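Working notes, structure below.
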Amino acid sequence: MRWLTAGYIDHYICENCHGIHLSELQGLDGVLESRLFVEHEDAIITTEVEIRPTALLALVADLGRLNMNYPSLKVFVDIVDDNLPRLIVADYLHTQAGLEQHQFLWIVQQTMLATQQLVQEITELGFLMQDEPQRMPSAVH
């Protein structure tokens with residue numbers, strides 16, 4: 001947490017999980033949660049993005065390309081019966097051999113940037129679950 005603060009990466013710990021939430025990514029449209037989990041030998045950054053159910057087939061067909069375009073990320077779909085489908089975006093860091101602050105910050109910043117670009121791309125493709133813009137009723141004359 002000290003390293004995130006030193007790197008000016010906004011974060012907080014919620015009461016419901018042991019993950020460190022990344023505020024910048026959680027502020028993106030469609031992002032449900034973005035967290036950093038620090039374990040004894042590794043760290044995992046995950047971001048969950050809500051997907052439109054009607055876009056699921058097209059998204060699954062596009063997963064190979066997305067994983068190739070964002071090689072540092074692991075991108076996959078998670079489907080649970082009671083929830084809308086989610087796109088999971090993850091990055092894994094080995095920490096057992098030692099990791100210095102500047103290395104950690106660079107990896108986290110690159111992961112956040114790639115995740116932002118991925119969310120923007122799936123938004124442009126129409127895969128993202130978003131609130132429909134309010135349409136103003138047109139007057140009939």
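Every value quoted in this text rests on a predicted model; they were computed, and no experiment measured them.
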* Output yes when a side-chain donor or acceptor of R52 lies under 3.5 Å from a complementary backbone atom of G126, and no otherwise. =>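 Checked: pair present.
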
* Asked: For L63, does its backbone N or O pair with a side-chain atom of N67 as donor and acceptor, under 3.5 Å?
  ->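 A pair under 3.5 Å: yes.
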
Kindly compute the distance separating [atom1] ([X]) from [atom2] ([Y]), expressed to the nearest 0.5 Å.
X: L36; Y: D91; atom1: CG; atom2: CG; value: 10.5 Å
X: L99; Y: W3; atom1: CG; atom2: CH2; value: 5.5 Å
X: T47; Y: L28; atom1: OG1; atom2: CG; value: 8.5 Å

Cluster check [X], [Y]: I/L/V/M/F/W/Y, side chain < 4.5 angstrom:
X: L87; Y: L125; value: yes
X: I79; Y: V49; value: yes
X: F104; Y: L25; value: yes

* Which atom names give the shortest non-hydrogen contact between Q101 and A6, and what distance separates them? ->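 Minimum heavy-atom separation between Q101 and A6: NE2-CB, 3.0 Å.
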
* To do: Considering non-hydrogen atoms only, spot the tightest contact between M1 and I13 and give its length.
  =>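 So the two residues come closest at SD-CD1, 3.3 Å.
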
If you define the side chain from C-beta out and look only at heavy atoms, does anything of [X] sit under 4.5 Å from [Y]?
X: E24; Y: I9; answer: no
X: L32; Y: E50; answer: yes
X: H94; Y: D42; answer: no
X: L93; Y: I44; answer: no
X: M112; Y: V108; answer: yes
X: L22; Y: D10; answer: no

N/O donor-acceptor pairs under 3.5 Å from side chains in residues 70-77, not counting sequence neighbours:
from, atom 1, to, atom 2, distance (Å)
Y70, OH, E121, OE1, 2.6

* Asked: Between R86 and E48, is the closest basic N to carboxylate O distance under 4.0 Å?
  ->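 Judged by the 4.0 Å cut-off on N to carboxylate O distance, E48 and R86 do form a salt bridge.
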
* Go through the steps to decide whether Q116 and Q120 satisfy the test side-chain hydrogen bond (donor to acceptor under 3.5 Å, both in side chains), and finish with yes or no. => CA-CA 6 Å; Q116 289 169 340; Q120 181 176 352; over 6 Å; no

* Mind telling me whether H21 and Y12 have parallel, tilted or perpendicular rings, with 30° and 60° as the class edges? =>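 Parallel.
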
